[in-house]
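Residue numbers run from 1 in the order of the sequence given. Only this structure's heavy atoms are used, side chains among them; waters, hydrogens and symmetry mates stay out. Given the structure is predicted, the values throughout are model-derived calculations rather than measurements.
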Amino acid sequence: MPDGSLDRLKREGRIVVVGASLAGLRAAETLRDKGFEGTLTMIGDEPYEPYDRPPLSKQVLLGKATADHTALPRRREIDAEWRLGVPASGLDMATRRVKLADGDEVPYDRLMIATGVRARPWPNEAEGELDGVFVLRTRDDGVGLARHLDAGPRRVLVIGAGFTGSEIASACRERGLEVTVAERGDAPLVGALGGVIGAVAAEMHRENGVDLRTGVMVTRLEGDTTGRVRAAHFSDGTTLECDVVVVSLGAQRNTEWLAGSGLGAGPRGIACDAGCRAFDVRGIVTDDVFVAGDVARSPHPLFGYQFLSLEHWGNAVAQAETAAHNMLSESSDRRPHIWVPAFWSSQFGVNIKSVGVPSMGTEIMITQGSRAERRFTGVYGYQGRVIGAVTFDNCRWLQFYEQQIEATAPFPLPFPTVDRRSDGQRPIPADFPDPSVPTHGPTITLSGYSPADRRMTFTPAGH
């Protein structure tokens, strides 16, 4: 970088953030904190300033909060030009311009991409547009679904028992609504936490009055003469009458707008280095395009330098801060993003938290507590080392196991359990489903090594 050009960038440069999201906002705040005084443009496809998504499947559905009160708190004023309600439609890397859907173009000196993910829609478009059929990802989704739940439907059908689907089912039961959950896999959460933990999750669903149906697919949604959903047909030949359907089949990364741009972007995300700089399609790192949040896939030294895509709140914040720091730094001052994945979910009155990458684990050991009591810690092993951990109402152990993951501690753990009630004195298979069989999938996706890997195929997830 020529002498003084970094100072000039800070003083009068143009930085564009595509994605008015959690990652986008935290990146913008960090840029201002680091002394960026130039022009900052925030582009978002929704008409709202950045808001928090986790409450949409928790407090909003329970009526404890409204969707319009989920705005993210501001750490500081960012003095940005907001371009909301108009999605980005293309990128010209040669002229450094972001194209917008309304035909406008926004020039940049540095670009931050934080476009995140969207809910995977119901595959039949006409059925997906029936009144009473929802996905849950945006503020508008939350408003519409909460309104329908307020009306007291006779039965809610949730398609897909990942974290979001399970949280929705939990909220319905807490509201006293009848709910059926259909899951293609053998149990809820099986793609993220494996069959051993999935069996515990299945018991929780059934004990709380959920009509849980596993190993089954919804083949068709049926509407009445007024265009409202009235029934669902299953692969086992059964039919279920329902007047609200929530499609919870995982997420799709928002990368289509980058087709033909020359950036290393595809269905699995945008490849970037550990410093959040995007790769082009030839595997060459760019110096002016950075990526953060759910849409990024970056190599992680703790997990064999595999590229990880993380749909995690904390990761979005940490990666955005690293990307913003590196955007304004000389190469010698840049730092890597090495955040240990962490995730939490609340369902059926139980707090579920995880660290590391449980879905890489081949074995699991219950080290504290008891599955029968729904209060335990499970530790995952992979090739003789600790790779992840999950807790049910036992989160005080998480920090300890996070340290074990960071230290690449051996598995099984070399010290005896401190809790003699534990029902896992020895490791057992973690029982993850065959990754070639679509389920709702983990919240962490291992996506290979090469940023320019052209062998990838896109298989829509089933349920």
Side-chain angles (χ1 to χ4, degrees), residues 1-46 48-52 71-84 86-88 91 93 96-98 100 105-116 254 258 263 270 272-279 285-296 298 310 312-339:
M1 184 172 281
D3 288 344
S5 63
L6 193 58
D7 288 337
R8 194 164 63 248
L9 172 71
K10 281 188 174 182
R11 218 171 41 247
E12 57 194 49
R14 300 165 300 184
I15 294 182
V16 173
V17 178
V18 182
S21 57
L22 171 66
L25 178 63
R26 296 296 179 245
E29 291 168 338
T30 304
L31 288 167
R32 292 300 191 202
D33 276 343
K34 298 283 180 186
F36 177 65
E37 298 171 355
T39 305
L40 185 56
T41 306
M42 305 288 291
I43 296 170
D45 60 344
E46 292 184 66
Y48 313 113
E49 293 194 10
Y51 59 88
D52 209 11
L72 286 163
R74 299 291 177 88
R75 293 176 176 176
R76 58 163 299 147
E77 207 36 65
I78 59 172
D79 186 27
E81 179 189 350
W82 294 88
R83 304 291 296 268
L84 298 174
V86 183
L91 173 64
M93 291 169 61
R96 291 183 173 174
R97 288 175 177 272
V98 175
L100 302 183
E105 295 188 352
V106 184
Y108 65 86
D109 298 304
R110 294 281 187 281
L111 174 65
M112 165 78 74
I113 300 175
T115 46
N254 291 319
L258 294 165
L263 213 56
I270 304 167
C272 61
D273 70 0
C276 307
R277 295 180 299 171
F279 286 104
V285 73
T286 61
D287 261 328
D288 52 4
V289 182
F290 292 73
V291 198
D294 296 359
V295 77
S298 59
L310 304 174
H312 291 180
W313 198 96
N315 178 75
V317 173
Q319 195 167 27
E321 291 170 348
T322 299
H325 168 86
N326 291 344
M327 205 179 245
L328 298 177
S329 298
E330 301 286 2
S331 57
S332 58
D333 295 326
R334 288 177 179 155
R335 61 179 192 233
H337 172 64
I338 323 178
W339 192 75

Check: Step by step, would you call Asn254 with Asp45 a side chain to side chain contact (heavy atoms under 4.5 Å, CB included)?
Finding: CA-CA 11 Å; Asn254 291 319; Asp45 60 344; 5.6 Å; no
Note to self: Please find the pair of heavy atoms, one from Ala324 and one from Ala27, that lie closest to each other, and give the distance.
What the structure shows: CB-O, 3.5 Å
Note to self: Can you give me the closest heavy-atom contact between Leu6 and Leu328, atom names plus distance?
What the structure shows: CD2-O, 3.5 Å
Item checked: Considering all heavy atoms, the nearest Arg277-Asp287 contact -> NH1-OD1, 3.0 Å
Margin query: Once side-chain hydrogen bond (donor to acceptor under 3.5 Å, both in side chains) is applied, do any residues pair with Trp313, and if so which ones, sequence neighbours excluded?
Written below: Asp52
Next item on the list: Please step through side chain to side chain donor-acceptor pair (under 3.5 Å) for the pair Asn315 and His337, ending with a clear verdict.
Entry: CA-CA 9 Å; Asn315 178 75; His337 172 64; 2.8 Å; yes
Note to self: Exactly one of Asp288, Val291, Val98, Val17 should register a side-chain contact (heavy atoms from CB on, under 4.5 Å) with Leu111. Which one does?
What the structure shows: Val98
Next item on the list: Kindly give the heavy-atom pair with the smallest separation between Ser21 and Ala114, and that separation in Å.
Entry: OG-O, 3.0 Å
Item checked: Under 3.5 Å: donor-acceptor pair, side chain of Gln319, backbone of Gly293 -> yes
Check: Which pair of heavy atoms, one from Phe36 and one from Gly13, lies closest together, and at what distance?
Finding: CZ-O, 3.4 Å
Next item on the list: Specify the closest pair of heavy atoms between Phe279 and Asp273, including all atoms of both residues, with the distance to one decimal.
Entry: CE1-N, 3.5 Å
Checklist line | Whether Arg32 side chain and Ile78 backbone form a donor-acceptor pair below 3.5 Å | finding: yes
Next item on the list: Taking the side chain as every heavy atom from C-beta outward, state whether Arg335 and Asn326 have any pair of such atoms under 4.5 Å apart.
Entry: yes
Next item on the list: Would you list the pairs meeting salt bridge (Lys or Arg N to Asp or Glu O under 4.0 Å) in which at least one residue belongs to residues 14-23, sequence neighbours left out?
Entry: Arg14-Asp109
Next item on the list: Using atom types as modelled and distance alone, determine if a side-chain donor or acceptor of His325 lies under 3.5 Å from a backbone N or O of Lys34.
Entry: no
Margin query: Determine whether a donor-acceptor pair (N or O, by modelled atom type, separation under 3.5 Å) exists between the side chain of Thr286 and the backbone of Ala278.
Written below: yes
Checklist line | Exam field: side chain Glu29 to backbone Arg75, donor-acceptor pair closer than 3.5 Å | finding: yes
